[in-house]
2 protein chains.
Amino acid sequence: MTASAAQTSLRKLAGNGAARRIDTDEIGVDALVGHAGYAVRRFQIWIFQDFIRTLGDVDIRPTQYSVLTVIGANPGLSQMAVAKRLGIERARLVHLLDSLEQRRLVKRIKSKTDRRSHALHLTGQGETALAKFKRLAAEHERHVEARIGKANRERLLQILADFT
Amino acid sequence: MTASAAQTSLRKLAGNGAARRIDTDEIGVDALVGHAGYAVRRFQIWIFQDFIRTLGDVDIRPTQYSVLTVIGANPGLSQMAVAKRLGIERARLVHLLDSLEQRRLVKRIKSKTDRRSHALHLTGQGETALAKFKRLAAEHERHVEARIGKANRERLLQILADFT
DNA sequence: GAAGATTGTTGTTGACGACAACAATTGTCC
DNA sequence: GGACAATTGTTGTCGTCAACAACAATCTTC
């Protein structure tokens, strides 16, 4: 992020079509700096990339991790319940579960009380896998701490607590 | 957000296929609460939705707004320069500029010093339009303040300052 | 039992990030 | 000065993701 911004040079015009070399960090974005959404977007991109990279060996993305975590902590939930809790479209959750079920991490069990819905459970290997994922996720979280500072990370979690 | 979570009911199993009714906010996500990425993702979704809604009348999305703002503050930049500064793929910026140019907000001028590149400028109506967009964006920012508090918003901007 | 709501599913659309390839042009190096 | 590498804008593909819409099967409600 800081690395890629340092060595790039480009052109800036004087009048209309002319241009002189300038550095990327010379470009003013003053109007954007005051916008929370812009800062949050850039940060979110960084944090997701680090998560994906840190959990790269086990091939688990943030959304998959959140689904596994919720099912692990609340076995038997319906797809509707998981979707609502995580703010995921139930249509999207179908594909997520298809993938996780193919990898034998999750199983859909037909509910006996409501034959429309499925009770979601982790498989045996799903549980051991999730334990490993959580260790890697904790490592990712340490990267976040190293990037923005321990106190800032905690303050951030505090500020955004009721969005979870 | 708080509204939609309140009245939903679903099922929770006792053993395997059985289930009892519970509320959405009864579902534990303890493991997720400690993750900065999850909180940031949920917040980012909220903040973008509010931005899109607030700038809905003028049909401007966050990315388009950031492009217009950078060009407005630094007229004559090349596409490469804008893309690098905003962390956008230059391939993606092509389509963004196509759209903005069709709407007569931006114009691409062939650079005289480097015939490969274009110098980007706002049109006349692009400038007046951007002024209006900025007023609406400020209104959106007030929504953020109302949601997380004035002090928290400023602290957030401070924490994430070097991601912009 | 009929009418309406819910659940999982399939499909479409559009925004977006990541890559790869290409022609035109510029920069570099011998 | 001329071959070779790098850059710029462009086009294209692929996969992720949010937002809808429609549908069959199954509850709920009255």
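Letters A, B, ... mirror the listed sequences (proteins, then strands); counts begin at 1. From a predicted model like this one, the values you see are computed outputs, not experimental measurements. We use all heavy atoms of the structure for the numbers below, so side chains are in, but hydrogens, waters and symmetry mates are not.
Judged by atom type and distance alone, B/Arg116 does not reach the base of C/dT26 through any side-chain donor-acceptor pair under 3.5 Å.
Residue A/Arg115 places none of its side-chain N or O atoms closer than 4.0 Å to OP1 or OP2 of D/dA24. Distances shown here put every side-chain N or O of A/Gln64 at or beyond 4.0 Å from the OP1 or OP2 atom of D/dT16. At the phosphate of C/dA15, neither OP1 nor OP2 sits under 4.0 Å from any side-chain N or O atom of B/Thr63. In this model, the phosphate group of C/dG14 is not approached by any side-chain N or O of B/Arg92 to a distance below 4.0 Å at OP1 or OP2. Within the structure, a side-chain polar atom (N or O) of B/Gln79 is placed less than 4.0 Å from OP1 or OP2 of D/dT10.
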Check: Do A/His140 and A/Ile47 pass the side chain to side chain contact (heavy atoms under 4.5 Å, CB included) test, and can you show the C-alpha distance, the side-chain angles, and the key distance before you say yes or no?
Finding: CA-CA 9 Å; A/His140 153 71; A/Ile47 206 169; 3.6 Å; yes
Inset, instruction - Please assess A/Arg108 against A/Leu97 for the test side chain to side chain contact (heavy atoms under 4.5 Å, CB included), listing each intermediate value before the final yes or no. - result: CA-CA 9 Å; A/Arg108 289 187 248 222; A/Leu97 289 174; 3.8 Å; yes
Practice task
Kindly indicate, with the supporting measurements, whether the criterion ring-ring contact (aromatic ring centres under 6.0 Å, His included) is fulfilled by A/Phe133 and A/Tyr65.
Solution key: CA-CA 8 Å; A/Phe133 302 161; A/Tyr65 178 76; 7.3 Å; no
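Spacing between atom CH2 of A/Trp46 and atom P of C/dG17 amounts to 18 Å, rounded to whole angstrom units. As rounded to whole Å, 5 Å separates atom P of C/dT7 from atom CE of A/Met80. Straight-line distance from the NZ atom of B/Lys112 to the C1' atom of C/dT25: 18 Å, rounded to whole Å. Atom CD1 in B/Ile88 sits roughly 15 Å away from atom C1' in D/dG9 (whole-Å rounding). A/Leu97 has its CG atom 15 Å from the P atom of C/dT7, to the nearest Å. Atom pair A/Ile45:CD1 and D/dC17:P shows a separation of 14 Å (rounding to whole Å applied). Atom NZ in B/Lys110 sits roughly 12 Å away from atom C1' in D/dT10 (whole-Å rounding). Going from atom CG of B/Leu96 over to atom C1' of C/dG17 covers 12 Å, rounded to whole Å.
The listed nucleotides are D/dT8, D/dT11, C/dC16; the one nearest the side chain of B/His95 is D/dT11. With C/dT26, C/dC19, C/dT9 as the candidates, the nucleotide lying closest to the side chain of A/His118 is C/dT9.
Using a 4.0 Å heavy-atom criterion, one finds that A/Glu89 contacts the bases of the nucleic acid, with or without backbone contacts as well. Looking at heavy-atom distances under 4.0 Å, A/Leu93 makes no contact with the nucleic acid at all.
In this structure, A/Arg90 and A/Phe48 both approach DNA chain D, and ranking their closest nucleotides by distance from the 5' end singles out A/Phe48. With the nearest nucleotide of DNA chain C identified for both A/Arg41 and A/Val94, A/Val94 has the one nearer the 5' end.
Between the side chains of B/Tyr38 and B/Arg42, at least one donor N or O sits under 3.5 Å from an acceptor N or O. Defined by atom type and a distance below 3.5 Å, a donor-acceptor pair is missing between the side-chain atoms of B/Gln125 and B/Arg103.
Connection of A/Leu136 to A/Leu122 is established within a shared hydrophobic cluster, with ILVMFWY side chains joined at heavy-atom distances below 4.5 Å, either directly or through further cluster members. Hydrophobic clustering (side-chain heavy atoms under 4.5 Å, transitive across Ile, Leu, Val, Met, Phe, Trp, Tyr) keeps A/Leu68 apart from A/Ile52.
Geometric assessment of B/Arg147 against the ring of A/Phe163 yields a positive cation-pi assignment under the 6.0 Å and 45° thresholds.
Comparing the helix axis at one end of the helix from C/dG1-D/dC30 to C/dC30-D/dG1 with that at the other, each defined from 5 consecutive pairs, gives an inter-axis angle of 30° (nearest 10°).
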